[in-house]
Amino acid sequence: MRKIQIVLPLLFLSLLGFGQQKLVTGKILGKTSNEPLQGVTVENKKKTVTTDAAGAFSIAAAPGDVLLISFVGMNPQKIKVTGETQNLVLVLEEGNSDLNTVVVTGYKSEKKADLTGAVSVVNLADIKNVPVASPMLALQGQVPGLYISGDGSPTGANGGAPTIIIRGVNNLNGTGNVNPPLYVIDGVPTNRYEDFANLNTNAIASIQVLKDASAASIYGSRAASGVIIVTTKDGSSNGDKVKVQFSSSLTWQTERPWQEPVLSSTQRGQALWQAAVNDHNVDGVTDPNTISTNQIYTYNWNNDYANPSLTSVNIAPFVGGDKLEPAANTNWQNALYRTAMITSNDIAISAGNADRGLLMDFGYYNNNGLMQFTNYQRYNARINTHAGFLNNKVKIGENFQLSRTSQVNSTNDVGGDAVGDLAITLAPTIPLYKTDGTYGGPVGAGYSDRNNPVDMQFLNRWNTTNLFLATGNVFLEVQPIKNLVYRTSLGFDYSDGLGKLIHQTGEEGPVFSINSLTLQESKEFTFTWTNTLSYNLVLGKNRVNLLAGIEAVNDKYNTFGASNTNFAVQDINYFVLNAGSGTQTDNGYGTGYKLLSQFGKVFYSYADKYLASVTVRRDGSSRFGANNPYGVFPAFTAGWRINNEDFFQTIAAKASISDLKLRAGVGTVGNQTFQGSNIALSNAAALTLYAANYGTSSPADPEWLNTGTAYDLNGVNTGTLPSGFVQTQLGNPNLKWEQTTETNIGLDFGFMNQSLTGSFDWFNRNTSNILIQPPIPGAVGEGQLQWVNGASKNTKGWEVILGYHNKTSFGLGYSVTVNADHWADKITALPEDVRAAYPGDVNHSIIGHSQFAIFGYETDGIFQSASDVKGAPFQPGASPGRIRYKDLDGNDTVNVLDQTWLGNTLPKVEYGIRIELNYKNFDFAIFGSGVAGQTGYDPVKYLNSFINTRNNFGPGVLSAWTPQNPHSSVPALSISDLNFEERASNYYYVNTSYFKIRDLSVGYNLPLSIARYMKMQGLRLYVSGQNLVAFKHKAFLSKDPERANSFALWPKPTSYTVGLNASF
Amino acid sequence: MNYFKITIPVLLVASGFLGCKKYLNEQPQGYLDASGLTSATNVDGLATAAYAGIANDWWDAPITSNWEWGSVRSDDAYKGGGGLTDQGQLNVYEQFYLLNSSNSGSGDFGFPGVWIRAYAAISRCNVALRALNNISETALPTRSSRIGEMHFLRGHMFFLLKVLFNRIPWFDETATDDQIKLVPNTMSSDSLWMHIEQDFKTARDLLPSTQPGEPGRATRYAAESYLAKAYLYHAYTQDASYTVTGVNAAYLDSVVALTTDVIGSGQYSLNTDFAYNFLDGHDNGPESIFAIQYSINDGTQIGGRLSMSTSLNYFAGAAQYGCCAFHIPSQNLVNAFGTDGNGLPRFTWFNNTTLNDDSLTAAGSNVDPRIDHTVGIANHPFKYDAALPYEHSWERDNGDYGGFGTMKELQLATCPCFKKLGPFYGTSVNMDVLRYDDVLLMDAEAQIQLGNPSAALPLINQVRARAAAVSPLVKNLDGTYPSNYKIDIYKPGVNIPAWDQATAFTALQWERRMEFAMEGYRFFDLVRWGIAAPTLNAFFAVEKTRHGFLANAQFTHGVHEYFPIPQEQIVFTNGLYQQNPGY
């Protein structure tokens, strides 16, 4: 602190330009590597130099001058030049991004200090050692405005992409992956999540998140869901050294702390008995010994419905009378989940300098599956090179990554229930194994038609999904005259996904009678050609950057599927298409789209005080109708660096303000991503089309529904059928972009020489022309759905981030970073005939509410007595022990019109906090994040309240209401639900806010002397734990708060990791 | 030099600004626009697609089998399945009192799905008709037959909509999509019937009497039979509360004339064995007048255009099946198969005794032989397989729905027509829409209502005689019969005092129930005759003492004869459609 107080006034003095010039020389080293750094910027107010390959510099300076030393990814330093200053040796620390950090914001880079839009720079150190399969999953809670939600499966979504939302959902496509952000990786745009997920963190140089429309509008028609820009390393900052970075970790995962308790076999019988007794008291007929589970449970009891007393629960000794299947008391969660082990290894070798450089990177990640018979494996390799010629007037280079993932995911049972669901709801009387060693199953009277989840995973064990990606670009940069750079880049993004589905014939009843193999392949190739011309001009205090460019995108997508049946041997090596001897089918389709865009940007800065930029992009897309192929997306932003104002210096000095910048911008972005059930149709949404639909649309369709045009007119029962054509969509030649216009106002600030930094952003965005496919009256018939631009939304919100770092006198370094964001959306226009698809009723329109609003009944406790029921408004199904619903419209009858808004499924506020400590060679970090103001379906509340004759339930049902136990908050058990308690109500839509400690780590850096002895530049060993503890609202019963809505989601496991980072 | 250095890249970039309309032209692959559908082959393909349209369903909203609409809603069957909430919408339909316009299915599910699927099929007919109207007989020699077929299929779908919803928007191929959106459902019932009849008349006039080699196509006799069916329904005049206020003799005369023509054609006859109507290998047999054609291993992705509308109805506990045990014969229906000492129905007292495992034996109570074609009974051969008799352990929810199993729509797991699809099952056995036994009984019904019961007697007896010719297929392994069959034709003065109009009508009503039990005819027959409310409420009064889940079941006359108009259809038309009374 004292240092700052001295340095700052000196800095200001230096600005006045006193003193005698002399040549200051020095050398700059990186802290972790202890190697010279090339390309470090050393500047005083008059001159800027960079360090050479040996890390050396020399600069003319006068005593009193302050040298600012900055380098990408490093904390900058300021050195006051005194008379004695000479032969400096400075060590730069890797650290939080700072004002001089170079940020890539769209076809060009700029200094963070020059930013005028809402851009978050990700701190890579924070996510580097989190043992997840994708850097995205490690970002949850770290970046304000970036909402990420995934489950405990390796990819966070059982093979798919987690939910990623930047500043709210602009359109009406839901939270799914229809609206991914645009990823721009080394300048190549893509919507494919895996292109980002499969990057090695050791190869990433920087990640930026462009949140507001003014920042993102240079990406035009695809930027409405935000833009994430990634730059990979290329050896240019290596200072001619060869660097090897190696990271390795080993992680153990367990879901045991997050298991939901369920009833034992006997307890389940007891609950069903109580329900039957309760039902008898309503209908006079039900008898515990004749309900549908009577082939599992019979009861010895006093047969007195008024004062029931249960002596014993008798469990039928065999499931379905099968002597091989004795009744059990199975814990299905223990059976389905196991301890997973994750190994992660990543080695990056780089060499070179600013002129010529190389990066080679290879990674291997293996997760052997928290769930039985699942796994996830990834290999990735990257080569980046660049070289300059003719005094660097010509530069060429390439970035190229290959990755291959292979995974066996969790599956559904034969009837379509997720195994995760079954692990909680399947009857415990079913044994995991029969006595002959085969899997037990719910075959037989009294049981549901669901399957043994472990058996389902076993049968699914060969159903591997492979994804092969080849992505990258080659580029050429020419600088014909100083400051004018022409760059052309050919980007490519190739994916080849191959899914395998093997149906085996099994022992268990409702499986498949004939075995089969289905292979389904989809390939996509996207080619992006980008040409830009940029020019930088400095005229006195005026700085101008000009950029103009064109971009052409050509996407081709096609699928191919084939299947065969009747395989003689059920062995993984036998299941190839040629080996089947049964019926063969095939399928496939092709589609594509094209984009052609022109864009330009002008940035202007005066005296580093006044910043302004204008961008405009014009996008043409083949997806839109003949009448509207082009959209124009302009943006204007301005920034004011108040701390550079002369009048502000006194205040700044007094308040130790080191940075203060006000930003404002308004911009427009678009969305062209919309997708109905068929991407080929969506790509041609402007046209009315007919198809020859011989069979059904998809073999994976869980509904074995005929939708085709073939028909056995000849009555021969088999063979090729006569077939025809059917209309599949109604075209809309007027179709155009969704358009989002956003205003963003932000303030960046830093105090005490940037020890305390932060920024605040407020935004307001309006989206119009939202693409929807309104339902049509059934009478119009088939193939008449049409995409229209028909709705509008508004989203408002704010984001804040604050960071403080310092060091105590005894050498304890510490930092605290807090971030939070809020957004609230509402639908502002929606055609009348579409509203039925959204929550609400005739009295409660969705207009003015979020599409994520929950609509339902409010409850008012439990009816205690017959007189209670009599005195209350008429409610069909009401009786003592039943939930009492509020008569909101006061007409003395509870009916469908008594519903209201119960909350939103997406949070009002998301927040995160990170605390880091370091002392000598030790470092410690803890990170937690949470959400507030979120309402959701609590499956555990349901599990502990309602019962039926199919499933198992939670222990809460044992303390349900009975006349003898009238004060329970759980309604009387019933198997017939005459009160229709499954209706959406705030009984089980509860406050699902939570806070979770996501990551805690302790590291030890080997002393440099020892590392050197081991021929290393550095070695850090660490242990960490993830997903350690959760805090939540007391009404929210789910143990794992991120598994709200459905047990089909994998529980998020607790993990323990040991790892090392070595550099050579 | 610098000039060139600058201009080359500048030009490169600038060239992109000019844009290129051709570049953005991306044609869809594998699709046609309307102009691609004018050739004779493709126009014929549109007609083929319309046939597929009337068969494109699944158990979630069947438009082929009426088991959910005509059987579960009647005194023939319970919903079945695993508890009351399993496919809870069917429980709502079965109990009636729970039904309102928004609680029992939406989209493709339940009765709202039938609305969507039936109109989808109608749109295929209309698309084909528009194309057929624009092609010459020279280009497509089968043009007039195809036009007739499209009218037939359209009439078939409108008929289904009419008997389910009563008030429906009607239009033909001349209406554009925008016009269809403005068609209300306020057309009178009389006019709706006349439009439906007109489709069948047009079909009759244009269709050939046979379609050689193409038994799946509609024929003149199919059109005549369906026209007779439409007239029969039309003949019972309903008032606003669905009370039958009279019968229209002119329409009944037409029924007689049409059915007589079909019978007189000599093209059709009753199968020698009743079983053949429900067995593989007998598709498009002599009794079948028009049937939904199913196929297996036909190159479609799920391995066949299979009959899936009844795929829920296989047994849950049977090792050869595994799911889901829906559509359970009621005790009332089983009792109705009981016969008196003369082998005739126990018209008034059938429900006084309960037929069960103990009485349904070779030495037990007298029964109509059709029971062993219709109902799975413990230890009786199931589906003509004596080696694997029906067992109670096959019953999934013995507590709620136990006792019996359905049979007609099921096939053995060993049948080459049978395919397991996940937890469900499909077969390639056709589903008859119009059968000769139905034509005989329609003729009989019209004759009785016209006051000629004697003309009806041989028709009813023809059906009974076939039932009495006991099928060898139902035998036990040891060659004995599982039940004590006692059935006779009606012999006035011998086994029945007199054959007056009232007796004849009772006999006809019983014959229809026995012949078509569990096939989805029953509820529509009851509504046509105007006796749905008394019949079903009497059924509930007794049946709820046997099955507690029916404790609150109640049929309201004037409301429950028809489904509500799906609420979402009212919303999608901005309130254009009027809701049916009582909902």
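Protein chains get the first letters and strands the later ones, always in sequence-line order, with residue 1 at the start of each.
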A.B. asks: B/Ile292 versus chain A, heavy atoms under 4.5 Å apart: side chain, backbone, both or neither?
C.D. replies: both
A.B. asks: Please assess A/Gln784 against B/Asp177 for the test side-chain hydrogen bond (donor to acceptor under 3.5 Å, both in side chains), listing each intermediate value before the final yes or no.
C.D. replies: CA-CA 8 Å; A/Gln784 299 290 344; B/Asp177 290 348; 3.2 Å; yes
A.B. asks: Test A/Asn294 against B/Asn398 for side chain to side chain contact (heavy atoms under 4.5 Å, CB included), laying out the working first.
C.D. replies: CA-CA 8 Å; A/Asn294 68 349; B/Asn398 180 275; 3.9 Å; yes
A.B. asks: Counting only non-hydrogen atoms closer than 4.5 Å, does A/Thr583 touch chain B with its backbone (N, CA, C, O), its side chain (CB onward), both, or neither?
C.D. replies: side chain
A.B. asks: Is there side-chain contact between B/Phe572 and A/Ile776, with at least one heavy-atom pair below 4.5 Å?
C.D. replies: no
A.B. asks: Heavy-atom distances under 4.5 Å only: say whether B/Ala34 touches chain A with side chain, backbone, both or neither.
C.D. replies: both
A.B. asks: Is A/Asn554 close to chain B through its backbone or its side chain, or both, or neither, when contacts mean heavy atoms under 4.5 Å?
C.D. replies: both
A.B. asks: Measuring only between side-chain heavy atoms, which start at C-beta, is A/Leu713 closer than 4.5 Å to B/Glu149?
C.D. replies: no
A.B. asks: Do the side chain of A/Tyr711 and the main chain of B/Gln293 share a donor and acceptor less than 3.5 angstrom apart?
C.D. replies: yes
A.B. asks: Please check this pair: side chain of B/Asp298 against backbone of A/Asn717, looking for a donor-acceptor N/O pair closer than 3.5 Å.
C.D. replies: no
A.B. asks: Between B/Thr176, B/Leu576, B/Ile122, B/Leu32, which has the largest tally of heavy atom pairs under 4.5 Å with chain A?
C.D. replies: B/Leu32
A.B. asks: Give, as side chain, backbone, both or neither, the part of B/Ala551 having an atom under 4.5 angstrom from any heavy atom of chain A.
C.D. replies: side chain
A.B. asks: Closer than 3.5 angstrom, by distance alone: can the side chain of A/Thr718 be matched with the main-chain N or O of B/Ile296 as a donor-acceptor pair?
C.D. replies: yes
A.B. asks: Check each atom of B/Phe171 against the heavy atoms of chain A and say whether the ones under 4.5 Å are side chain, backbone, both or neither.
C.D. replies: side chain
A.B. asks: Please flag which part of A/Thr949 lies under 4.5 Å from any non-hydrogen atom of chain B: side chain, backbone, both or neither.
C.D. replies: side chain
A.B. asks: Can you name the nearest heavy-atom pair linking B/Tyr23 to A/Ala552, along with the distance?
C.D. replies: OH-CB, 3.7 Å
A.B. asks: Heavy-atom distance under 4.5 Å between the side chains of B/Leu24 and A/Tyr630, does that happen here?
C.D. replies: yes
A.B. asks: Just by modelled atom types, is the A/Val780 backbone N or O under 3.5 Å from a matching donor or acceptor in the B/Ser123 side chain?
C.D. replies: no
A.B. asks: Need one label for B/Asp33: side chain, backbone, both or neither, based on atoms under 4.5 Å from any heavy atom in chain A.
C.D. replies: both
A.B. asks: Need one label for A/Tyr589: side chain, backbone, both or neither, based on atoms under 4.5 Å from any heavy atom in chain B.
C.D. replies: neither
A.B. asks: So for B/Asn297, is it side chain, backbone, both, or neither that comes closer than 4.5 Å to the heavy atoms of chain A?
C.D. replies: both
A.B. asks: Is it the case that the side chain of A/Glu782 and the backbone of B/Arg124 share a donor-acceptor pair, with hydrogens and angles ignored and the cut-off at 3.5 Å?
C.D. replies: no
A.B. asks: Counting heavy-atom pairs under 4.5 Å with chain A, which one of B/Asp397, B/Thr545, B/Asp283 comes out on top?
C.D. replies: B/Asp397
A.B. asks: Identify which of B/Asn430, B/Asp400, B/Leu84 forms the greatest number of heavy-atom pairs closer than 4.5 Å to chain A.
C.D. replies: B/Asp400
A.B. asks: Which bit of B/Asn91 comes within less than 4.5 Å of chain A, counting heavy atoms only: side chain, backbone, both or neither?
C.D. replies: neither
A.B. asks: Any chance you could lay out the side chain to side chain contact (heavy atoms under 4.5 Å, CB included) test for B/Asn552 and A/Leu978, step after step, and finish with the verdict?
C.D. replies: CA-CA 10 Å; B/Asn552 297 320; A/Leu978 294 175; 4.1 Å; yes
